[in-house]
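Inspection log for the structure reproduced underneath, given as structure tokens.
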Amino acid sequence: MSEFSRDINVEVIEHSRDVLKIVLHNVPVKIANSIRRSVMSLVPTLAVDKVIIFKNDSIMNDDMLAHRLGLIPLRTSLDKIRELERNGGKVSLLLSIESKNDVTTVKSSDIVSRDKDVEVLSGDIDIVKLGKGESIELEMEAVVGRGREHAKWSPVTVSVVRGLPVIDIKDPNCGEKCDDCVDACPKGVLANQGGKLVVVDRYSCTVCKLCEKACPDNISVDIDESSSLLYIESVGQLSVDEIIKAAFEELYRKFSELYDAFKVMA
Ligand code: SF4
Ligand code: SF4
């Protein structure tokens, strides 16, 4: 109980469309981990799940080609994803290309979506090469899924949580003597400012303890698991704001189902 008796607050370290780094003060790692898992495996996205191949002259076999197409991220809004999920809808995309001259690299930009609200996230992804006169003709079906079924539906490239690093310096005015711990740190966490040793970037510390090894008498590093550092990087289909919102909605839905099950028992 004591873990939840203190004030919870969120400190934003980095926030852009695709990156979120936050400190959840007084939220234990074991609780923040459920957010991390929900982000990775419960947030719905759209991905190609079925490929109907009419013609494939390339050197890549059909299975491999279908697998590649499944991994190409598709962009649409969260509202559209929810709508498709409610209706069991599918989105059709086409790839029809012939290499008329020399060698042609088939790219994701050659994919044509039949739904104006759905597009490939990047047109720069190489799919396969075609020799002169070779062609590919196929149709894809994209459906809504979740990372727990297959990684192609996961909306993030990174979703990690860990405790907060605690760097304890017994005598900070030791910096006149040397720079050993500053040089040992691979993340630039420590700095010698006019003879005073200071922590300049605490949240970049990976707790590798190299500084502690360099000077065990004056410096020690530990982890405080009563607060959490959460780092998320989006693949790009959804913004990190949409991902976090959807992750909480999915957790809420799961807890509601659990609560309803308890009510049935009562
Ligand atoms: S903590 Fe140790 S290694 Fe680091 S500046 Fe002080 S004396 Fe040097
Ligand atoms: S534990 Fe590693 S990353 Fe953290 S301050 Fe020390 S050397 Fe740098």
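Computed from a prediction, not measured in an experiment: that's the story for all the values here. Here, residue 1 is the first one in the sequence, and each next residue gets the next number. Ligands are counted one by one from 1 in listed order, and the atoms in each one are counted from 1 as well.
- Partner H67 forms a side-chain contact (heavy atoms from CB on, under 4.5 Å) with one of L65, L69, L71 and no other, that one being L71.
- For atom 2 (Fe) of ligand 1, the closest non-hydrogen atom on the protein side is C215 SG, 2.4 Å.
- What sits closest to atom 8 (Fe) of ligand 2 on the protein, heavy atoms only, is C185 SG, 2.3 Å.
- Residue contacts with ligand 2 for V189 involve side-chain atoms from C-beta outward but no N, CA, C or O (heavy atoms, distance under 4.0 Å).
- Atom 4 (Fe) of ligand 2 has its closest protein heavy atom at C205 SG, 2.3 Å.
- The only option from R36, R37, K30 that meets the side chain to side chain donor-acceptor pair (under 3.5 Å) definition with N33 turns out to be R36.
- Contact annotation for L197 and ligand 1: only side-chain heavy atoms (C-beta onward) come within less than 4.0 Å of the ligand.
- In summary, the side chains of N56 and S58 do present a donor paired with an acceptor at a separation below 3.5 Å, with no hydrogens or angles considered.
- For ligand 2, the atoms lying closer than 4.0 Å to a non-hydrogen atom of T206 are 3 (S).
- Look at E257 and R253 and you find a salt bridge, because one of the NZ, NE, NH1 or NH2 atoms lies within 4.0 Å of a carboxylate O, short of that distance.
- Atom 1 (S) of ligand 2 has its closest protein heavy atom at K209 N, 3.1 Å.
- A salt bridge does not link K132 to D102: none of the charged nitrogens lies less than 4.0 Å from a carboxylate oxygen.
- Atoms of ligand 1 found under 4.0 Å from any heavy atom of C181 (numbered from 1 in listed order, with element): 1 (S), 3 (S), 4 (Fe), 5 (S).
- Residue C178 counts as close to atom 8 (Fe) of ligand 1, with an N, O or S atom under 2.8 Å.
- The CG atom of D49 sits 3.5 Å away from atom CH2 of W153, with the distance rounded to the nearest 0.5 Å.
- In terms of protein heavy-atom proximity, atom 6 (Fe) of ligand 1 is closest to C174 SG, 2.3 Å.
- Under 4.0 Å from ligand 2, the heavy atoms of V207 that appear belong solely to its backbone.
- The cluster map of Ile, Leu, Val, Met, Phe, Trp and Tyr, joined by side-chain heavy atoms under 4.5 Å apart, puts M64 and L95 in the same cluster.
- A salt bridge between K55 and E98 is absent, with no side-chain N of the basic residue lying under 4.0 Å from a carboxylate O of the acidic one.
- Every atom of ligand 2 with a heavy atom of C211 under 4.0 Å away is listed here by number and element: 1 (S), 5 (S), 6 (Fe), 7 (S).
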